[in-house]
Novice: 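Pasting in a structure now, in structure tokens, and then I'll have a few things to ask.
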Amino acid sequence: MDKCKNEMDGYAPAEVEKKWQDFWEQDGTFCVREDDDRPKYYVLDMFPYPSGAGLHIGHPEGYTASDILTRYRIADGYNVLHPMGWDAFGLPAEQHALQTGTHPAINTAQNVDRFRAQIRRLGFAIDWSREINTTDPEYYRWTQWIFLQLFKHGLAYVDERPVWWCPELRSVLANEEVVNGRSERGDHPVERRPLRQWVLRITNYAEKLLKQLENLDWPDSTKRQQKAWIGRSEGAEIDFAVEGHREKIRVYTTRVDTIFGISYLVLAPEHPLVSQLTTVACSEEVARYKKMTAAKGDLERTDLAKGKTGVSTGACALHPLTGKRIPIWIADYVLPTYGTGAIMAVPAHDERDYEFAQKFNLPVIEVVRPKHETVEKKLPFCEFGVLCNSEEFDGLDSIPAKAAILQCLREKNMGRAAVNYKLRDWLFSRQRYWGEPVPIVWVDKRDYEKISQAKASPFQEFLPKTPIFFEENGVRSFAVPLHSSHLPLLLPEVPDYHPSDGGESPLAHATKWLHISLNVMSGQVKADDGEALGDDWVRGRRETNTMPQWAGSCWYHLRYLSPHCDSAPVDPKAERYWQNPDFYIGGAEHAVLHLLYARFWHQFLFEIGVVSTPEPYPRLFHQGIILGEDGNKMSKSRGNVVNPDTIVGRYGADTLRLYEMFLGPLEAVKPWDSRGIEGVVRFLRRVWQWFEGCRLAGKFTEKNDCDEVVERLLHESIQKVRNDIENLQLNTAISQLMILLNHMQSQEKIPLQMGRTFLQLLAPFAPHIAEELWQRCGGTASIVRTPFPKADGEKLLQKTAVVVLQVNGRLRGEIHIPMDLAERDVLRLARCHPAVEAHLADREIVREIYVANRLVNFVVR
RNA sequence: GCCCGGGUGGCGAAAUGGUAGACGCAGAGGACUUAAAAUCCUCUGACCGUAGGUCGUGUGGGUUCGAGUCCCACCCUGGGUACCA
């Protein structure tokens, strides 16, 4: 039936769209290269994970928006790069492999093919010759290379640490992948397990990542989230002597001004000094509490509703300023990973300490009072105020008091200013198969010395100043980086995709790959078959961890610039030309992780001279989520999923593009409405019928004279569409096109030139229909490169203005006046307006307000 | 709890402090048609009415000649974050 409709009115999107997609592809319309004659513009979409479910209705939202910007910039004379690729490592492919036994690469390739076909059907202006795939060895070769650079510069290290282990997924998860004690993917329960892990020193970059946020044109909420995630705080470290011990306890506090209010210290149960300090009498309790804490997950531990727990160590510290004895406790509300893992507790001015003090009957000493008497006195009082009970500091305000007390501590060498961050180092290894292998080999101490002393050894290329090693059963293993000629280090074939019994990645099953011999001098690497080796040879075991999915997306914006470059991650010439994406669009769910990790890597690559800019994404935009018709998030279980293929099949890609943009503001969360789509279906059909009608009936005129009102509307529309595209207000741009069409349709005759301009305005939004009608109206080449219309300032000038008349702010009428008529004359005309006159009768005019060419307001009494 | 967004017709939404509801959906009436579909035209915030008026942007205050827009307090809702000392 739908087909029948289309035949009747002549508009057959399926044919038109196929025709132009083929044309663009054969013509290479969107293939770009560096061109110094035109300004460059780089548009980047967050590349998709090619899931087995195929394209989601949310994908075309961001892609259409960026495509509109792309096509607009091309028409406006820019050399525009708009690439696409696949973030194809990841868990679902691995789980599929576990279930079916087929190599994840096979499944991934199928998914990629499907995604590519689906995306192509939407007619995006993408340079497909630059397509990248993070699982392509030629791609991950450079991911590994960047890792080795980080390693060389001391930014990668190994650490045995309790990590999130998901028994269901049989994998380690990063903190960020655990939400409320469950895995972000799959929502399975997780637990703590100590495992040897690779960690990247992102904390070295905390300050830079924080500072440089300021200059980025990003949504404020995203900047705020990153800022909060980095979590910088300024405070002081204070050292407390402990009675009967030489060791001191160092605490971190942001409230030195409350130092006279300390009533006890708290160490995290994991604090290294706990065992030493605990008195014999308390040791049993302390041991029990430590054990209990260890068994708790972080979720349980950080559950605020649980109430405070803790035990005394029996030991006492001495107050650095008063010498008073202060009991030392341990409690799990103090985290080992933040600050120094120890705090000074001031119950009067900290909610957590207050709760703890109440429970264990510890003293509450008030040392800060509200500045204004009017503030209700209630403890704990956690704001700044005026000091009391603080000896010579009494009467000082909190802020100057902090400085004064800190100075005093510094003089006694008992404290100093300190800055702390919430940001933790980045846990960079996964015990999985489907990820980039870490290009490291473990050797014993003697062999490592051999390598580090052989200055000509290829293994020196990425050798760090400080060796990286780990100890197991008293034996140390040292990390040797592969040479760049060994890259890519390919994923080996494995007989089984499950982790090994020791919790090691499935790569541990690839025994031939795993155990190797290295020639220190030649750099040769071969399987270790057990035969005797010469002097230049050492034996090693490969690292079996793989990298997390974030790795590939940390630098993909660079690979697009020279996707086939085989001498560097990015060709320096291409990098200098394209620099950063001028526009980056993707979901707000990546506000912290991807965007922070990518900034970290890019900053690092800047420092080692690979790129010329410190920040990767100067301008960022988040498209909102499209909900199901019921207002809920689309999901299979709710049965409210809208499939883009269905929509394209029924109405065509132009309609889907236009409708997704017309739904509402791009950044807003908004529900899909299957009835609402009729509006844009009709609009496009009217566009077609009107153009074809005019063309066939000879209503297009060659002369450029036409109704002044319509002509002005055209120029207003040009201006509005331009502005709206640049500000990503695409819904209102489409409204404007509808308004313009409505007016043009009512004309008897219309200049062909005007019709063509309309098509140019429409082209970024609905490119296929625009191309087809452009051609039918005599356009000789593709509409893509025809210069985007510019509004004529003179045509925008109005000769008359509509002035609104108000009495006491209420609308009473309107008058049409010649533009810029003198105020006196406007007011006279206004007073004569019958409706206004009626409301002015018997009243005294107190004030007359005139907003030029817009409004008159009489204030009467 | 804390930090951000957002509350406008039956629905999606527009509105540099200056005519609230553009544009579209849905609805009503009409035209065309043997009929239906499609298309086109008119109406469509609420209330009272003949004209015309009154009320209306989550609630209550405030600033202003004038507030959806600015300020204060509160309610609801979406998101982020969570013992970070």
Side-chain angles (χ1 to χ4, degrees), chain A residues 1 4-5 8-9 180 219-225 227-229 231-233 235 251-255 258 266 268 298 301-308 331-335 337-346 349-353 355-356 382 420-424 588-589 591-592 624-625 627 629 631 659 662-665 667-680 682-683 685-686 689 729 731-742 745 802-814 835 838 846-851 854-860:
Chain A
M1 191 172 87
C4 168
K5 251 192 259 174
M8 277 179 69
D9 60 30
N180 291 330
D220 277 340
S221 64
T222 302
K223 287 209 232 181
R224 259 193 296 268
Q225 276 181 58
K227 204 174 159 184
W229 192 265
R232 183 184 200 273
S233 75
V251 306
Y252 174 74
T253 179
T254 54
R255 291 296 302 269
T258 63
V266 190
D298 271 17
R301 177 164 177 167
T302 57
D303 188 354
L304 286 158
K306 281 261 152 62
K308 299 280 178 285
D332 67 2
Y333 81 92
V334 173
L335 306 174
T337 49
Y338 183 77
T340 59
I343 62 157
M344 56 176 227
V346 184
H349 306 291
D350 181 282
E351 281 188 32
R352 298 149 300 180
D353 300 344
E355 191 192 334
F356 193 83
C382 302
N420 250 300
Y421 300 90
K422 289 188 201 171
L423 185 69
R424 301 272 75 94
E589 67 274 16
V592 181
I625 297 168
L627 304 173
E629 290 211 69
Y659 185 56
F662 190 61
L663 265 177
E667 66 277 16
V669 175
K670 51 217 173 257
W672 182 265
D673 177 3
S674 56
R675 284 188 304 187
I677 199 170
E678 285 299 330
V680 296
R682 284 177 201 149
F683 170 67
R685 202 180 292 150
R686 275 195 298 135
Q689 287 176 341
Q729 290 164 340
N731 53 333
T732 51
I734 295 167
S735 297
Q736 188 67 32
L737 292 173
M738 289 173 169
I739 294 168
L740 181 57
L741 180 71
N742 289 346
Q745 261 186 321
V802 179
V803 172
V804 169
L805 308 179
Q806 297 182 342
V807 177
N808 279 351
R810 290 178 187 234
L811 180 70
R812 297 301 175 190
E814 61 178 42
V846 186
R847 221 174 135 182
E848 294 170 330
I849 286 145
Y850 179 53
V851 181
R854 301 200 71 161
L855 171 141
V856 171
N857 187 14
F858 294 108
V859 185
V860 300

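Chain letters run A, B, ... following the sequence lines, proteins first, then strands; residues in each count from 1. These numbers come from a predicted model, not from an experiment.
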Novice: Grab the NZ-P distance between A:K227 and B:rG80 for me, whole Å please.
Specialist: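 Computing the A:K227:NZ to B:rG80:P distance gives 20 Å.
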Novice: Contact class for A:I849 vs. all strands (heavy atom < 4.0 Å): base, sugar-phosphate, or nothing?
Specialist: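 Base contact.
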Novice: What's the spacing between A:D673 CG and A:L627 CG if we round to 0.5 Å?
Specialist: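 The CG atom of A:D673 sits 12.5 Å away from the CG atom of A:L627.
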Novice: Look through every strand shown and name the nucleotide pairing with B:rA14 as Watson-Crick or G-U wobble, where both distances are under 3.5 Å.
Specialist: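 Here B:rA14 is not engaged in any pair, so there is no nucleotide opposite it.
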Novice: Provide the distance between the two C1' atoms, one in B:rC41 and one in B:rG52, to the nearest whole Å.
Specialist: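 Rounded to whole Å, the distance is 28 Å.
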Novice: Counting side-chain heavy atoms from CB outward, which of B:rA85, B:rC83, B:rU19 is closest to A:L811?
Specialist: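 Nearest nucleotide to the side chain: B:rU19.
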Novice: More 5' along RNA chain B: A:E814 or A:I343, using each one's nearest nucleotide?
Specialist: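 Closest to the 5' end, via its nearest nucleotide, is A:E814.
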Novice: Does a side-chain N or O of A:R685 approach OP1 or OP2 of B:rU39 to a distance below 4.0 Å, or not?
Specialist: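 For B:rU39, OP1/OP2 do have a side-chain N/O of A:R685 under 4.0 Å.
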Novice: Choose from B:rA13, B:rA85, B:rC83 the nucleotide whose nearest atom is closest to any side-chain atom of A:Y333.
Specialist: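 Minimum distance to the A:Y333 side chain belongs to B:rC83.
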Novice: Specify the separation, in whole Å, of atom CG of A:L855 and atom C1' of B:rU19.
Specialist: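 A:L855 atom CG is separated from B:rU19 atom C1' by 8 Å.
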Novice: Applying a 4.0 Å non-hydrogen cut-off, can you work out what A:S233 is touching in the nucleic acid: base, sugar-phosphate, or nothing?
Specialist: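 It contacts sugar-phosphate atoms only.
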Novice: Just the rounded figure in Å: distance from P of B:rU81 to OH of A:Y421.
Specialist: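 It works out to 21 Å between those atoms.
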Novice: Starting at atom CG of A:N857, determine the distance to atom P of B:rG17, rounded to an integer number of angstrom.
Specialist: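 That distance rounds to 18 Å.
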Novice: Could you check A:N857 against A:R847 for side-chain hydrogen bond (donor to acceptor under 3.5 Å, both in side chains), going step by step and ending with a plain yes or no?
Specialist: CA-CA 8 Å; A:N857 187 14; A:R847 221 174 135 182; over 6 Å; no
Novice: Report the nucleotide, chosen from B:rC83, B:rC65, B:rU19, that has the shortest atom-to-atom distance to any side-chain atom of A:V859.
Specialist: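 Looking only at heavy atoms from C-beta outward on A:V859, the closest nucleotide is B:rC65.
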Novice: Please give the distance between the P atoms of B:rG9 and B:rA14 as a whole number of Å.
Specialist: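 Roughly 14 Å separates the two P atoms.
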Novice: Nearest of B:rC23, B:rA85, B:rA13 to any side-chain atom of A:P665?
Specialist: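 Between B:rC23, B:rA85, B:rA13, the one nearest the side chain of A:P665 would be B:rA13.
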Novice: In whole angstroms, how far is the C1' atom of B:rA85 from the OH atom of A:Y338?
Specialist: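 In whole Å, B:rA85 C1' lies 7 Å from A:Y338 OH.
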Novice: Flag the pair A:T258 / A:D350 as yes when at least one side-chain heavy-atom distance between them is below 4.5 Å, and no otherwise.
Specialist: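 Result no, sub-4.5 Å side-chain heavy-atom pair not found.
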Novice: Using the P atom as the point on both nucleotides, what is the distance between B:rG5 and B:rC43, in whole Å?
Specialist: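 These two P atoms come out 41 Å apart once rounded.
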Novice: How far does the P atom of B:rG12 sit from the matching atom of B:rU34, given to the nearest Å?
Specialist: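 Per the computed distance, 41 Å lies between those P atoms.
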Novice: Checking understanding here: a glycosidic angle within 90° of 0 is syn, the rest anti, so what is B:rG9?
Specialist: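 That one's syn.
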Novice: For B:rU81, which nucleotide is its Watson-Crick or G-U wobble mate, given both distances must be under 3.5 Å?
Specialist: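 Partner of B:rU81: B:rG1.
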Novice: When you compare B:rG21 with B:rU57, how far apart are their P atoms, in angstrom units rounded to a whole number?
Specialist: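 Per the computed distance, 14 Å lies between those P atoms.
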Novice: Take atom C1' in B:rU69 and the same atom in B:rU19, then report the distance between them in whole Å.
Specialist: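 My reading of the C1' atoms in B:rU69 and B:rU19 gives 16 Å.
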Novice: Would you kindly give the NZ-to-P distance between A:K308 and B:rA85, to the nearest whole Å?
Specialist: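 The distance from NZ of A:K308 to P of B:rA85 comes to 14 Å, rounded to the nearest Å.
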Novice: Heavy atoms only: give me the nearest A:V266-A:A345 pair and the separation to one decimal.
Specialist: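 Taking A:V266 first and A:A345 second, the nearest heavy atoms are CG2-CB, 4.3 Å.
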Novice: Please classify the nucleic acid contact of A:K422 as base, sugar-phosphate, or nothing, using heavy-atom distances under 4.0 Å.
Specialist: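 It contacts base atoms.
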Novice: Does a side-chain N or O from A:R854 land closer than 4.0 Å to OP1 or OP2 of B:rU16, or not?
Specialist: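 The answer is no; no side-chain N or O of A:R854 sits under 4.0 Å from OP1 or OP2.
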Novice: CD of A:E589: more than 12 outside heavy atoms within 6.0 angstrom?
Specialist: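 Yes - once you tally the heavy atoms of other residues, nucleotides and ligands closer than 6.0 Å, there are more than 12.
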Novice: Reckon A:N420 touches a base, only the sugar-phosphate, or nothing at all at heavy-atom distances under 4.0 Å?
Specialist: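 The residue A:N420 makes no contact with any strand.
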Novice: Quick one: look up who B:rU19 pairs with, Watson-Crick or G-U, both distances under 3.5 Å, and put none if it's unpaired.
Specialist: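 Across any shown strand, B:rU19 pairs with none.
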Novice: C1' atom, B:rC83 versus B:rC70: distance in rounded Å?
Specialist: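 Taking atom C1' in both B:rC83 and B:rC70, they lie 38 Å apart.
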Novice: Regarding A:Q225, tell me which of base, sugar-phosphate or nothing describes its non-hydrogen contacts under 4.0 Å with the strands shown.
Specialist: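 Here A:Q225 touches the backbone only, sparing every base.
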Novice: Would you give the length of the straight line joining atom OH of A:Y850 to atom CZ of A:F858, rounded to the nearest 0.5 angstrom?
Specialist: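 Result: 11.0 Å between the selected atoms.
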Novice: Can you measure A:D332 atom CG to B:rA85 atom P for me and round it to whole angstrom units?
Specialist: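 A:D332 atom CG is separated from B:rA85 atom P by 18 Å.
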Novice: Do any N or O atoms from the side chain of A:N808 and from the backbone of A:R810 form a donor-acceptor pair under 3.5 angstrom?
Specialist: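 No; zero donor-acceptor contacts below 3.5 Å.
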Novice: Looking at the side chain of A:V334, which of B:rA85, B:rC65, B:rA14 is the nearest nucleotide?
Specialist: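 Out of B:rA85, B:rC65, B:rA14, the nucleotide with an atom closest to A:V334's side chain is B:rA85.
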Novice: Going from CD1 on A:I343 to OH on A:Y333, what distance comes out if it is rounded to the nearest 0.5 angstrom?
Specialist: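 The CD1 atom of A:I343 sits 4.0 Å away from the OH atom of A:Y333.
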Novice: For A:Q806, answer base if it contacts any base atom (sugar-phosphate contacts may also be present), sugar-phosphate if it contacts only those atoms, and nothing otherwise; contact means non-hydrogen atoms under 4.0 Å.
Specialist: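 Contact class for A:Q806: base.
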Novice: Of all the nucleotides listed (B:rA14, B:rU54, B:rC83), which has the minimum atom distance to the side chain of A:R812?
Specialist: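 Nearest to the side-chain atoms of A:R812, counting from C-beta on, is B:rU54.
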Novice: Which one is paired to B:rU39, where only Watson-Crick or G-U wobble pairs with both distances under 3.5 angstrom count?
Specialist: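 Partner of B:rU39: B:rA31.
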Novice: Sugar-phosphate means primed atoms, P, OP1 and OP2; the rest is base. With that split, encode nucleotides 24-32 of chain B 5' to 3' as B, S or - using protein heavy atoms under 4.0 Å.
Specialist: SSS------
Novice: Would you call A:Y659 and A:I734 a side-chain contact if the rule is heavy atoms closer than 4.5 Å?
Specialist: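 No, too far: nothing below the 4.5 Å cut-off.
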Novice: Report the distance from atom CG of A:N731 to atom C1' of B:rA22, rounded to the nearest whole Å.
Specialist: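 Rounded to whole Å, this separation is 12 Å.
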Novice: Using the closest heavy atom to pick a nucleotide of RNA chain B for each, name whichever of A:L423 or A:K670 lands nearer the 5' end.
Specialist: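 Going by which nucleotide is closer to the 5' end, it is A:K670.
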Novice: Taking the six-membered ring of A:F356 as reference, does the NZ or CZ atom of A:K308 fall below 6.0 Å from its centre and within a 45° cone about the axis?
Specialist: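 No, cation not above the ring by the 6.0 Å, 45° rule.
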Novice: Would you say A:Q806 and A:I849 make side-chain contact, with heavy atoms under 4.5 Å?
Specialist: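 No, too far: nothing below the 4.5 Å cut-off.
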Novice: What are the atom names and distances for every N/O pair under 3.5 Å that joins the protein to nucleotides 4-6 of chain B?
Specialist:
| residue | atom | partner | partner atom | Å |
| --- | --- | --- | --- | --- |
| B:rC4 | O3' | A:R224 | NH2 | 3.1 |
| B:rC4 | O2' | A:R224 | NH2 | 3.2 |

Novice: Between A:R255 (side chain only) and A:C382 (backbone N and O only), is there a donor and an acceptor less than 3.5 Å apart?
Specialist: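 Yes, because the side chain of A:R255 sits within donor-acceptor range (under 3.5 Å) of the backbone of A:C382.
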Novice: Has the side chain of A:R686 got a donor or acceptor atom that lies under 3.5 Å from a matching backbone atom of A:Q745?
Specialist: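 The answer is no, because no donor-acceptor pair under 3.5 Å joins these two groups.
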Novice: Give me the distance, rounded to whole Å, that separates B:rG45 from B:rA38 when you measure between the P atoms they each carry.
Specialist: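 Approximately 24 Å lies between the P atom of B:rG45 and that of B:rA38.
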